[in-house]
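Scroll down for the structure; my scribbles are underneath it.
Note on naming: letters A, B, ... go to the chains in the order of the sequence lines (proteins, then strands), and numbering restarts at 1 for each one.
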Amino acid sequence: GAVVSQHPSRVICKSGTSVKIECRSLDFQATTMFWYRQFPKQSLMLMATSNEGSKATYEQGVEKDKFLINHASLTLSTLTVTSAHPEDSSFYICSAVRGLGTEAFFGQGTRLTVV
Amino acid sequence: GQQVMQIPQYQHVQEGEDFTTYCNSSTTLSNIQWYKQRPGGHPVFLIQLVKSGEVKKQKRLTFQFGEAKKNSSLHITATQTTDVGTYFCAGPLGFNKFYFGSGTKLNVKP
């Protein structure tokens, strides 16, 4: 299958700082990338849909000013958690698709801990 | 909000027993996908079902898509310890968005 690389895999940051997470599709061009958040023992909650060259579409209840998404190219999307707070601590995971209705390839995920 | 529901939440079986997880959507799905997430890992694609009433098999795994394309099931025959993990169904709701079911965590006792 295709490869999606997510970096970093783990990050610890201080409250009030910002953290950037990168998601790259290594061997294909992703028309769309998705960002999910997963709390322990829970499912993946879709945060936003990211399309190259356009603004991300955020799910209801997700603060767009807090979770900044940039999709600069067909192979890279970034999620920046701004002014992080301890409640933002979670597992963030991205996925990428080649086209409409096709399988999603997931990054390895990023464990964010805000202290 | 997300409208893909999955049951059961947890399932503990003895190795060799069968296992089934069910996925239900409140709306008709154009297709449904199944993923497996091992403990500490990321979701890995298993299969996609597109046609009404479709049944697909992968070795001991059997996937079904309901006639109304609102429900789906994954059945594992004679579970093995390697089947341990959380199984998620995912349905596209809207333009290329995927919403995941709550997942079923399978534990297999040797």
Next on the checklist: Do B/Val44 and A/Val4 sit in one hydrophobic cluster, given that two such residues count as connected whenever their side-chain heavy atoms are within less than 4.5 Å of each other, even indirectly?
Outcome noted: no

Next on the checklist: Less than 4.5 Å to any heavy atom of chain B: does that hold for the side chain of A/Gln6, its backbone, both, or neither?
Outcome noted: neither

Checklist entry - Has B/Arg60 got more than 12 heavy atoms of other residues, nucleotides or ligands less than 6.0 Å from its CZ? => result yes

Next on the checklist: Within the 4.5 Å heavy-atom criterion, are B/Phe88 and A/Leu44 side-chain neighbours or not?
Outcome noted: yes

Checklist entry - Under a 4.5 Å side-chain heavy-atom rule over Ile, Leu, Val, Met, Phe, Trp and Tyr, are A/Tyr58 and A/Trp35 clustered together? => result yes

Item to check | Shared hydrophobic cluster for A/Val19 and A/Ile69 (ILVMFWY, side-chain gaps under 4.5 Å) | outcome: yes

Checklist entry - Going from CD on B/Gln9 to OG on A/Ser43, what distance comes out if it is rounded to the nearest 0.5 angstrom? => result 10.5 Å

Item to check | Heavy-atom closest contact (B/Gln37 atom, A/Phe91 atom, distance) | outcome: NE2-CE2, 4.4 Å

Checklist entry - When you measure from the side chain of B/Tyr99 to the backbone N and O of A/Met45, does any donor-acceptor pair fall under 3.5 Å? => result no

Next on the checklist: For residues A/Met33 and A/Phe28: do they belong to one hydrophobic cluster (side chain heavy atoms under 4.5 Å, members Ile, Leu, Val, Met, Phe, Trp, Tyr)?
Outcome noted: no

Checklist entry - Rounded to the nearest 0.5 Å, how far does NE2 of B/His42 lie from SG of A/Cys94? => result 9.5 Å

Checklist entry - Under 6.0 Å between ring centres, would you say that holds for A/Tyr36 and B/Phe100? => result yes

Checklist entry - If two hydrophobic side chains count as joined below 4.5 Å and joins carry through other members, does A/Leu79 share a cluster with A/Leu68? => result no

Item to check | Top contributor to chain A interface from B/Pro43, B/Gly103, B/Ser102 [non-hydrogen pairs under 4.5 Å] | outcome: B/Pro43

Item to check | B/Phe45 versus A/Glu103, closest heavy-atom pair with distance | outcome: CD2-OE1, 3.1 Å

Next on the checklist: Quick check on A/Leu26: does its CG atom have over 12 non-hydrogen neighbours (other residues, nucleotides or ligands) under 6.0 Å away?
Outcome noted: yes

Checklist outcome for this item: Only residue of A/Val97, A/Thr32, A/Leu46 satisfying side-chain contact (heavy atoms from CB on, under 4.5 Å) with B/Phe98 is A/Val97

